[in-house]
Amino acid sequence: MDWQELTNLTRGQPFVVERVRLEGSGVAIEGEFELPQLAQLNVEDQVFVTAFVRCHGSIKEMERIFGVSYPTIKARLKRITQMLDFVETDPAPSQADVVDRLRRGEITAQQALSELDGRT
């Protein structure tokens with residue numbers, strides 16, 4: 001069974017994977033496993049994301065493939081984006097990093113305070 005069949009079978013209802021078997025090695029792991037985020041999308045959204053990756057993010061190509069307008073593609077991307085968690089690509093500097101830069105004279109005390117206040 002592939003992910004699309006599993007997604008259709010569950011009809012969007014949440015479920016937990018309890019056993020994972022590594023093909024060819026006979027090794028199986030049991031426990032509770034959450035599905036990867038993309039596998040949690042419905043089948044249509046999985047197909048959409050796959051198409052987007054295959055056309056290297058070209059919205060013009062997506063318009064051609066799906067026969068819809070630019071705003072429709074953008075709206076769908078926005079909706080899917082809201083369903084996914086993203087890794088922080090520009091994390092706030094740690095307190096130690098800020099203090100080190102201050103000691104080296106790379107930033108002023110005011111900049112250090114501002115950076116420290118901006119941390120979450």
Side-chain angles (χ1 to χ4, degrees):
M1 176 180 289
D2 68 14
W3 286 114
Q4 289 180 353
E5 289 177 278
L6 186 58
T7 303
N8 283 334
L9 178 68
T10 60
R11 294 192 174 137
Q13 295 297 311
F15 64 93
V16 176
V17 176
E18 293 184 346
R19 186 167 193 260
V20 175
R21 183 177 54 82
L22 302 175
E23 230 177 327
S25 71
V27 174
I29 304 167
E30 294 194 24
E32 284 192 14
F33 306 97
E34 191 173 301
L35 290 176
Q37 287 186 56
L38 294 175
Q40 293 176 31
L41 296 175
N42 67 43
V43 173
E44 293 80 19
D45 288 342
Q46 289 179 26
V47 169
F48 186 85
V49 170
T50 301
F52 189 71
V53 171
R54 282 195 175 175
C55 69
H56 306 279
S58 168
I59 292 180
K60 282 217 177 283
E61 184 66 13
M62 293 292 285
E63 289 175 284
R64 188 190 66 73
I65 291 170
F66 289 96
V68 295
S69 68
Y70 178 92
T72 302
I73 297 294
K74 290 293 284 187
R76 189 157 182 193
L77 284 171
K78 182 177 181 178
R79 183 181 55 77
I80 293 170
T81 298
Q82 291 170 340
M83 291 187 275
L84 302 173
D85 294 325
F86 289 91
V87 175
E88 179 61 55
T89 57
D90 192 18
S94 71
Q95 183 176 357
D97 289 338
V98 174
V99 171
D100 286 344
R101 289 175 42 226
L102 177 61
R103 282 189 184 133
R104 290 191 303 264
E106 295 174 6
I107 57 175
T108 67
Q110 187 59 43
Q111 289 170 318
L113 288 172
S114 177
E115 285 189 30
L116 292 172
D117 285 343
R119 292 183 317 133
T120 56

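At distances below 3.5 Å, not a single donor-acceptor pair connects side-chain atoms of Glu115 with backbone N or O atoms of Pro93. Distance alone, capped at 3.5 Å, places no donor-acceptor pair between the Ser114 side chain and the Gln110 backbone. Remark: the backbone N or O of Gln46 is paired with a side-chain donor or acceptor of Thr50 at under 3.5 angstrom.
Interatomic distance, Thr108 OG1 to Arg101 CZ, rounded to the nearest 0.5 Å: 10.0 Å. In this structure, CG in Leu116 is found 12.0 Å from CD in Gln111, a value given to the nearest 0.5 Å. Between the CD atom in Glu30 and the CD atom in Glu18 there is a gap of 8.5 Å [rounded to 0.5 Å].
Residue Arg104 qualifies as enclosed at atom CZ: its count of foreign heavy atoms under 6.0 Å is above 12. No more than 12 heavy-atom neighbours from other residues, nucleotides or ligands sit within 6.0 angstrom of CZ on Arg54. At most 12 heavy atoms of other shown residues, nucleotides or ligands fall within 6.0 angstrom of atom CD in Glu34.
With contacts defined as side-chain heavy-atom distances shorter than 4.5 Å, the pair Thr72/Phe66 does not qualify. Looking at heavy atoms from C-beta onward, Lys60 lies out of side-chain contact with Tyr70 at the 4.5 angstrom threshold. Contact check for Ile29 versus Arg19: no side-chain heavy atoms found under the 4.5 Å cut-off. Using a 4.5 Å heavy-atom cutoff, the side chains of Val68 and Glu63 are not in contact. The closest side-chain heavy-atom distance from Phe48 to Arg76 is below 4.5 Å.
Contact record, Gln37 with Asp85: OE1-N, 2.6 Å, taken as the closest heavy-atom pair. Residues Leu41 and Met83 approach most closely at CD2-CE, 3.9 Å, considering heavy atoms. The two residues Met62 and Ala51 make their nearest non-hydrogen contact at SD-C, 3.7 Å.
In the hydrophobic clustering of ILVMFWY residues, with side-chain heavy atoms under 4.5 Å counting as a link, Phe86 and Leu38 come out together. Note on Ile73 and Val47: separate hydrophobic clusters, where clusters join Ile, Leu, Val, Met, Phe, Trp and Tyr whose side-chain heavy atoms are under 4.5 Å apart, directly or indirectly. The cluster map of Ile, Leu, Val, Met, Phe, Trp and Tyr, joined by side-chain heavy atoms under 4.5 Å apart, puts Val43 and Val53 in different clusters.
Judged as a side chain to side chain donor-acceptor pair (under 3.5 Å), and not counting sequence neighbours, Glu44 has no contacts.
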### Task
Starting from the C-alpha separation in whole Å, work towards a yes-or-no answer on side-chain contact (heavy atoms from CB on, under 4.5 Å) for Ile65 and Glu61.
CA-CA 6 Å; Ile65 291 170; Glu61 184 66 13; 3.9 Å; yes
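Asp97 and Ser94 form a side-chain donor-acceptor contact under 3.5 Å, judged by distance and modelled atom types alone.
With Ile107 as reference, Val98 is the one residue of Val98, Asp100, Leu113 to meet the side-chain contact (heavy atoms from CB on, under 4.5 Å) rule.
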